[in-house]
Amino acid sequence: MKIYADNAATTKMSKRAVEAMMPYLEEIYGNPSSLYSEGQKAKEAIESARETVARCINAASALEIYFTSGGSEADNQAIISAAEIGKKAGKMHIVSDQIEHHAVLHTLKKLEKEGFEVTYLPVSESGIIDTDELEKSLRDDTCLVTVMYANNEIGTIQPIRKIGEICRKRGIIFHTDAVQAVGHIPVDVEKDNVDMLSASAHKFHGPKGVGFLYVKKGIRLSNLIEGGAQERGRRGGTENVPGIMSMAEALVEEVDSMEANAEKLIYLRDKLIKGLSEIPHSALNGDAVLRLPGNVNFCFEGIEGESLLLLLDDKGISGSSGSACTSGSLDPSHVLLAIGRVHDVAHGSLRLTLGDDATEEEVGYMIKSVKEVVEYLRNFSPVWRDLCAGKSKFIL
Ligand SMILES: *Cc1c(COP(=O)(O)O)cnc(C)c1O
């Protein structure tokens, strides 16, 4: 059996998304900035895609959507723009949290070197931010709050609407990295009181290398890329027309089937969680309920996540130990450390993220395979032997 269970890292493009890009590769290949009709057709196409994207997140206007090369660029541009607005007003304090994606964390680190002060809020053991604590952390010189909609590793969904409300009342810009949320759970920038929102097509069955940034009217974006007048002068470079068209199609498709997909995925997710919970000395990471429909993340004591992944790969299962960005490095996940997992336990993590086409049969196979592999690895593990012999104490 072949099972792709790493949909938080990237998703397979849908048929509709592939088909939507073809005309713009083969026929309508004009440059949207060109004045002749071939260019203008491409221009009209991306403007209609902009309206589609705006509608899918309930933005008031298509002019609030800026196309980018993906989630990372959108995060960078949002945060740097808000920081520049803050700096001009003498406000150089930013509030974020400890479990953000590196596209956010590394941008904040850069700003700290430039003199900004950043508060990284802790999260609860289940991976949720305390909104009272967030409110208390706000200061007169806070220029930005950036909190992700849903976490890419442990799938927890943050109280975005409440955070937006708090920020709106104080007139503080609120950005959310919604890369894991858009196309998967309902996102409404108006109701959620969001000022800026990042999304990425390849996380919702669109192509890689394209995404968008929502920016509420009145907030001035700073350019990361200087060049032509594309994206209303805020992002130079010829537009990725096929990618943009495909992204809009994928988003409509996902939004239209969201309810049915979520219902099915929650059922399969909870079945998988129940099955893996039967493994002794294991624990679910992240909140059991405030959780993305397809996300399962566990820690198993006494094993190495990397060996687990390799053996699961042999059984045809593509999983992950956390985020694609940290795997390959020996540091345990900053997200697992933030929810209180100690280093050794955090190393034995497994993330399985289900896609829209997941089946009950696959879930059964994954439960069986993970059980077998964990048992096999524990038999060879000196750490496990010490635990069983009582030389060290079980944590989970
Ligand atoms: C994947 C991801 C990103 C990065 O998006 P890219 O389009 O790959 O640059 C940012 N934030 C989160 C939460 C993600 O899951």
Side-chain angles (χ1 to χ4, degrees), residues 4-13 17 53 57 65-80 96-110 120 123 127-129 146-158 160 163 175-185 187 194 196-214 224-225 235 237 240 243-244 246-248 250-251 254 285-286 290-297 319-328 333-336 338-339 351-355:
Y4 181 73
D6 202 12
N7 285 276
T10 196
T11 58
K12 180 182 170 177
M13 280 182 74
V53 169
I57 59 165
I65 305 297
Y66 295 82
F67 295 125
T68 68
S69 68
S72 301
E73 184 187 329
D75 283 341
N76 275 258
Q77 192 168 15
I79 292 167
I80 286 166
S96 186
D97 61 86
Q98 296 175 353
I99 65 168
E100 291 294 309
H101 189 273
H102 284 126
V104 169
L105 289 178
H106 291 172
T107 306
L108 293 175
K109 282 276 167 280
K110 192 167 104 170
Y120 298 94
V123 293
I128 310 284
I129 284 177
T146 175
V147 171
M148 69 202 318
Y149 213 110
N151 185 268
N152 47 303
E153 292 188 39
I154 57 173
T156 45
I157 300 168
Q158 300 299 339
I160 291 302
I163 297 172
H175 165 254
T176 183
D177 173 340
V179 172
Q180 291 290 332
V182 169
H184 301 283
I185 54 173
V187 168
V194 166
M196 296 196 197
L197 175 144
S198 311
S200 176
H202 76 100
K203 301 291 175 75
F204 53 79
H205 303 281
K208 293 167 183 61
V210 60
F212 66 87
L213 175 61
Y214 160 82
L224 294 188
I225 301 173
R235 204 254 181 199
N240 176 0
I244 290 167
S246 180
M247 169 167 70
L251 186 53
E254 284 300 287
N285 294 315
L290 299 170
R291 186 177 197 97
L292 287 170
N295 178 291
V296 174
N297 190 319
S320 156
S321 59
S323 75
C325 322
T326 36
S327 32
S333 143
H334 66 288
V335 177
L336 296 181
I339 61 168
R351 180 185 72 182
L352 297 170
T353 41
L354 310 176

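Counting convention: from 1, in listed order, for ligands and their atoms alike. In this chain, numbering begins with 1 at the start of the sequence shown.
Taking atom 1 (C) of ligand 1 as the reference point, the nearest protein heavy-atom neighbour is Lys203 NZ, 1.4 Å. Among all non-hydrogen protein atoms, the one lying nearest atom 7 (O) of ligand 1 is Ser200 OG, 2.6 Å. For atom 6 (P) of ligand 1, the closest non-hydrogen atom on the protein side is Gly71 N, 3.5 Å. At the top of the distance list for atom 3 (C) of ligand 1, counting protein heavy atoms only, stands His101 NE2, 3.5 Å.
Within the 4.0 Å heavy-atom criterion, both parts of Ser72, backbone and side chain, lie near ligand 1. With a 4.0 Å heavy-atom cut-off, ligand 1 is reached by no atom of Glu73. Within the 4.0 Å heavy-atom criterion, the part of Met148 lying near ligand 1 is the side chain and not the backbone.
Remark: the backbone N or O of Tyr149 is not paired with any side-chain donor or acceptor of Gln180 at under 3.5 angstrom. Distance alone, capped at 3.5 Å, places no donor-acceptor pair between the His202 side chain and the Gly70 backbone. Without hydrogens or angle criteria, Ser69 side chain to Gly209 main chain gives no donor-acceptor distance under 3.5 Å.
When each of Ile99, Ile339, Leu290 is checked for a side-chain contact (heavy atoms from CB on, under 4.5 Å) with Thr156, only Ile99 meets the rule.
Taking all heavy atoms of Asp177, Asn152, Thr68 into account, the minimum distance to atom 10 (C) of ligand 1 is reached by Asp177. The residue from His202, Lys208, His102 that puts a heavy atom closest to atom 8 (O) of ligand 1 is His202.
For the pair Lys208/Thr10, a side-chain contact is recorded, criterion being any heavy-atom separation below 4.5 Å from C-beta on. Between Asp6 and Arg351 there is a side-chain heavy-atom pair separated by less than 4.5 Å.
Of all atoms in ligand 1, numbered sequentially from 1 with element shown, those under 4.0 Å from a heavy atom of Gly70 are 7 (O).
Using a 3.5 Å distance cut-off with no hydrogens or angles, the side chains of Thr107 and Asn76 do pair a donor with an acceptor.
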